[in-house]
Participant: 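One structure, as structure tokens, below. Some questions next.
Just so we're clear, the structure is a prediction, and the values are computed from it rather than from any experiment. No hydrogens, no waters, no symmetry mates; every other heavy atom, side chains included, goes into these values.
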Amino acid sequence: MKNKSVKPKEQLAQKKQAAIANRQIAQNARNQRANQQRQRNFYYVILAGVLSSLILIGVAVLIVVNAKERKSK
């Protein structure tokens with residue numbers, strides 16, 4: 001009698017472990033996608049910062065050149 005009652009319990013435990021493992025796999029996949037999105041967003045922010053800095057430097061150079069031209073006239 002004991003052997004028959006133990007087997008369904010073992011199967012139930014295995015099913016629960018499989019379900020937990022499947023949830024963990026799914027959660028890991030979601031976390032990996034979220035991390036990749038965050039990393040991509042970080043690079044976009046860095047790129048935007050570099051571009052805006054270049055634009056500001058260009059504008060500053062134009063202002064200085066324009067001011068020198070006005071002074072020389």
Side-chain angles (χ1 to χ4, degrees):
M1 272 309 222
K2 271 192 172 181
N3 281 342
K4 289 182 178 179
S5 66
V6 170
K7 199 160 192 165
K9 286 182 182 179
E10 287 176 0
Q11 288 176 345
L12 182 61
Q14 287 176 349
K15 285 182 182 179
K16 285 183 180 180
Q17 286 177 343
I20 290 170
N22 287 336
R23 282 195 301 269
Q24 286 175 339
I25 290 169
Q27 184 64 45
N28 289 344
R30 285 191 296 272
N31 288 344
Q32 186 176 10
R33 283 191 300 273
N35 287 338
Q36 288 171 345
Q37 183 65 39
R38 281 200 239 11
Q39 186 177 18
R40 200 173 309 117
N41 289 344
F42 173 77
Y43 289 134
Y44 289 150
V45 168
I46 296 298
L47 180 62
V50 168
L51 289 175
S52 64
S53 295
L54 290 174
I55 291 170
L56 286 174
I57 290 169
V59 168
V61 167
L62 288 176
I63 290 172
V64 169
V65 168
N66 207 7
K68 282 187 179 182
E69 285 178 1
R70 283 188 180 175
K71 246 186 184 178
S72 65
K73 285 184 179 182

Participant: If you link ILVMFWY side chains whenever their heavy atoms are less than 4.5 Å apart, which other residues fall into the same cluster as Val45? By chain and number, please.
Facilitator: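 So far as hydrophobic clustering goes, Val45 is joined with none.
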Participant: To the nearest 0.5 angstrom, please state how far the CZ atom of Arg33 sits from the CG atom of Asn28.
Facilitator: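 Interatomic distance, Arg33 CZ to Asn28 CG, rounded to 0.5 Å: 10.5 Å.
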Participant: Running the 4.5 Å side-chain criterion over Ile, Leu, Val, Met, Phe, Trp and Tyr, what cluster does Leu62 land in, apart from itself?
Facilitator: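 ILVMFWY cluster around Leu62 holds nothing else.
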Participant: With a cut-off of 3.5 Å and sequence neighbours excluded, list every side-chain donor-acceptor pair involving residues 54-61.
Facilitator:
none

Participant: Applying side-chain hydrogen bond (donor to acceptor under 3.5 Å, both in side chains), which residue pairs with at least one partner in residues 16-25 are found, sequence neighbours left out?
Facilitator: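 Those involving residues 16-25 do not exist here.
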Participant: For Leu47, what are the other residues in its hydrophobic cluster, where any two members join if their side-chain heavy atoms are less than 4.5 angstrom apart?
Facilitator: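 In the cluster with Leu47 are Leu51.
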Participant: Indicate every side-chain donor-acceptor pair of residues 34-41 with a distance under 3.5 Å to a residue at least two apart or in another chain.
Facilitator:
unit_1, atom_1, unit_2, atom_2, d
Asn35, ND2, Asn31, O, 3.3
Gln37, OE1, Arg40, NH1, 2.7
Gln37, NE2, Asn41, OD1, 3.1
Arg38, NH1, Ala34, O, 2.9
Gln39, NE2, Tyr43, OH, 3.4
Asn41, ND2, Gln37, O, 3.4

